[in-house]
Colleague: 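Got a structure for you, questions after.
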Amino acid sequence: MNYEYYKIFYYVGKHKNITKAAAEMFSSQPAVTRAIQNLENELGCRLFIRNKSGVEFTNEGKTLYEYVSIAYSQLTRGEDEVRRAIDIETGTIYIGASVTSLHEYLFKLINIFRNKHPKVKLKINTGSNNSTIEKLKNGLVDLAFVSTPCNLSKSLKITKVHSFSDILIAGSDFAYLKEKTLELKDLKDYPVVSLRHSMQLRQFLDDVFAKNDLAITPDIEADGADLLVPMISHNLGIGFVPQSMADPAISRGEVFPVPLNYTMPARHILMITDPVHPQTNASRELRKMITESITKEG
């Protein structure tokens, strides 16, 4: 099936005139005539007959046009919907994000973007670093935001957008720690809440302790970074969490920072795109805003 033939057939049927159809399609009259003849040969019947003003449908042509006009109308509506979807002001952006990247960076950023582009829809899908990156590679999200450490292929475009620190916090049962300054090695004397093995914050902490010839052995392991502060505020143990995730609970007096005689290495939020998958205009606008904000901060 040659869809171009049907497009030409539609315009000829619409105008009942080959010259007018050719003009609307920015084509030539001979090219339009040949396309109609080829379609007639493929179908084995005449579709038009000539008259003084142009052409008229045959019975077969009239029947075919009823179907083609409906199909063409649907295609046109589909194109319009796609254009609206990718429009900067009315499009949809699909974002994949780790919980840490949401708290450390994205919530504030999204609020700024929404104020500038209130009609843009945002679909936010949260998950681990690895699952977020897989969604990006599979074209399920336009942009991915993850925290370091993480494993990324060289084919992806990576931009460092934010740096942050992890702090040691504790709940009310450990109030006596406010007056003490701990060293990393002292954590073995306290119940520790952390993430399970293979998760990014746990991997980061394991590396930090290993570089200091120590090992971290959590008493309780959580399956998500968003569970750490509630567990610590309920006095299940002390633990490291990203600063921004701890701040609200610190303000409410539910937890407090534990003085630590060690400066934790900085971690980073990364924005990732996959060049294999095209970006919508709306997602490009979000990327542009992020890039410009990084430049201003630099």
Side-chain angles (χ1 to χ4, degrees), residues 91-110 112-113 122-167 194-212 216 218 221-228 239-245 263-298:
T92 300
I93 305 175
Y94 293 85
I95 298 174
S98 67
V99 172
T100 300
S101 69
L102 276 173
H103 285 271
E104 279 292 336
Y105 183 70
L106 272 182
F107 283 141
K108 180 179 178 180
L109 177 84
I110 288 172
I112 296 171
F113 184 80
L122 299 173
K123 306 281 188 179
I124 302 174
N125 192 303
T126 59
S128 67
N129 277 1
N130 290 338
S131 66
T132 298
I133 293 167
E134 281 304 307
K135 291 182 182 99
L136 178 69
K137 289 181 177 179
N138 292 330
L140 300 178
V141 297
D142 302 311
L143 301 169
F145 294 85
V146 299
S147 58
T148 59
C150 57
N151 298 315
L152 300 169
S153 65
K154 294 181 180 179
S155 61
L156 300 174
K157 181 175 176 55
I158 304 162
T159 304
K160 186 190 297 182
V161 296
H162 179 69
S163 298
F164 67 98
S165 300
D166 297 283
I167 62 171
S194 186
L195 297 180
R196 60 178 171 79
H197 279 291
S198 79
M199 300 192 74
Q200 277 63 45
L201 176 54
R202 177 61 181 280
Q203 179 185 333
F204 171 73
L205 292 176
D206 285 343
D207 291 343
V208 168
F209 276 74
K211 287 176 182 177
N212 288 273
I216 186 169
E221 294 184 342
D223 202 39
D226 53 336
L227 298 175
L228 294 176
F240 289 95
V241 298
Q243 175 85 54
S244 65
M245 294 180 71
T263 302
M264 296 293 286
R267 291 204 287 152
H268 309 286
I269 303 299
L270 307 177
M271 177 178 67
I272 309 169
T273 57
D274 189 346
V276 171
H277 301 291
Q279 295 282 300
T280 64
N281 289 335
S283 65
R284 288 194 192 97
E285 186 67 13
L286 177 57
R287 284 178 59 194
K288 178 183 175 184
M289 190 189 82
I290 293 171
T291 302
E292 288 176 350
S293 68
I294 295 171
T295 303
K296 289 178 182 178
E297 290 176 2

Colleague: Kindly give the heavy-atom pair with the smallest separation between Phe204 and Pro265, and that separation in Å.
Modeller: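 Residues Phe204 and Pro265, closest heavy atoms: CZ-O, 3.4 Å.
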
Colleague: Under 3.5 Å, side chain of Thr126 to main-chain N/O of Ala97, donor-acceptor pair present?
Modeller: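 Not at all, since once roles are kept as given, no pair shorter than 3.5 Å links the two residues.
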
Colleague: Any side-chain heavy-atom pair from Gln200 and Thr148 closer than 4.5 angstrom?
Modeller: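 SC-SC contact between Gln200 and Thr148 ruled out.
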
Colleague: Keeping the roles fixed (side chain from Glu104, backbone from Ser244), state whether a donor-acceptor pair exists under 3.5 Å.
Modeller: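 Here the side-chain-to-backbone pair exists.
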
Colleague: Looking at every non-hydrogen atom in both residues, tell me the closest pair between Ile290 and Met271 and how far apart they are.
Modeller: CD1-SD, 3.5 Å

Colleague: Can you confirm whether more than 12 heavy atoms, excluding those of Asn138, are under 6.0 Å from its CG atom?
Modeller: yes

Colleague: Tell me, do Thr132 and Leu136 make a side-chain contact under 4.5 Å, heavy atoms counted?
Modeller: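 They are not in contact (no side-chain heavy atoms under 4.5 Å apart), so the answer is no.
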
Colleague: Working to the nearest 0.5 Å, report the span between CG of Leu143 and CZ of Arg284.
Modeller: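 The CZ atom of Arg284 is 11.0 Å from CG of Leu143, to the nearest 0.5 Å.
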
Colleague: With heavy-atom distances below 4.5 Å as the criterion, would you say the side chains of Leu109 and Met289 are in contact?
Modeller: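 Side-chain contact under 4.5 Å: yes.
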
Colleague: Taking the side chain as everything from C-beta on, heavy atoms only, tell me whether Phe164 gets closer than 4.5 Å to Arg267.
Modeller: yes

Colleague: Would you call Asp207 and Lys211 a salt bridge, taking side-chain N to carboxylate O under 4.0 Å as the test?
Modeller: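 Result for this pair is no, no salt bridge flagged.
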
Colleague: Drop me the distance from Arg287's CZ to Ile93's CD1, to the nearest 0.5 angstrom.
Modeller: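 Answer rounded to 0.5 Å: 11.5 Å.
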
Colleague: Quick one: list whatever passes side chain to side chain contact (heavy atoms under 4.5 Å, CB included) with Leu152, sequence neighbours left out.
Modeller: Ile133, Cys150, Leu156, Ile158, Leu270, Ile272

Colleague: Stepwise, does the side chain to side chain contact (heavy atoms under 4.5 Å, CB included) test hold for Glu285 with Phe113?
Modeller: CA-CA 9 Å; Glu285 186 67 13; Phe113 184 80; 4.1 Å; yes

Colleague: Do Val276 and Ser155 have side chains that get closer than 4.5 Å, going by heavy atoms?
Modeller: no

Colleague: Check for a donor-acceptor pair, side chain of His277 on one end and backbone N or O of Lys137 on the other, with a separation under 3.5 Å.
Modeller: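 Side chain of His277 to backbone of Lys137: a pair is present.
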
Colleague: What is the distance from atom CG of Asp166 to atom CG of Leu228, rounded to the nearest 0.5 Å?
Modeller: 10.0 Å

Colleague: Should Ile95 and Lys123 count as side-chain neighbours, where that means a heavy-atom distance under 4.5 Å?
Modeller: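 When only atoms from C-beta onward are counted, Lys123 and Ile95 do not touch, as no gap falls below 4.5 Å.
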
Colleague: Is the Tyr105 ring parallel, tilted or perpendicular to the Phe145 ring (thresholds 30°, 60°)?
Modeller: tilted

Colleague: Any side-chain heavy atom of Asp274 within less than 4.5 Å of one from Lys157?
Modeller: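 Answer no - side chains too far apart.
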
Colleague: Rounded to the nearest 0.5 Å, how far does CE of Met264 lie from OG of Ser165?
Modeller: 9.0 Å

Colleague: With rounding to the nearest 0.5 angstrom, report the CG to OG distance, Leu106 to Ser101.
Modeller: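 Result: 5.0 Å between the selected atoms.
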
Colleague: Going through the distances and angles, do Leu195 and Gln203 end up as a side chain to side chain contact (heavy atoms under 4.5 Å, CB included)?
Modeller: CA-CA 9 Å; Leu195 297 180; Gln203 179 185 333; over 6 Å; no

Colleague: Given side chains that start at C-beta, do those of Asp223 and Arg196 come closer than 4.5 Å, heavy atoms only?
Modeller: yes

Colleague: Just verifying a value: how many Å separate His162 NE2 and Thr100 OG1, rounded to the nearest 0.5 Å?
Modeller: 11.0 Å

Colleague: Evaluate the side chain to side chain contact (heavy atoms under 4.5 Å, CB included) criterion for residues His197 and Glu221: first the C-alpha distance (whole Å), next the side-chain angles of each, then the deciding distance (0.1 Å), finally the verdict.
Modeller: CA-CA 8 Å; His197 279 291; Glu221 294 184 342; 4.2 Å; yes

Colleague: Work out which heavy atom in Ser98 is nearest to a heavy atom in Asn129; give both atom names and the distance.
Modeller: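 Looking at all heavy atoms of both residues, the closest pair is CB-OD1, 3.4 Å.
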
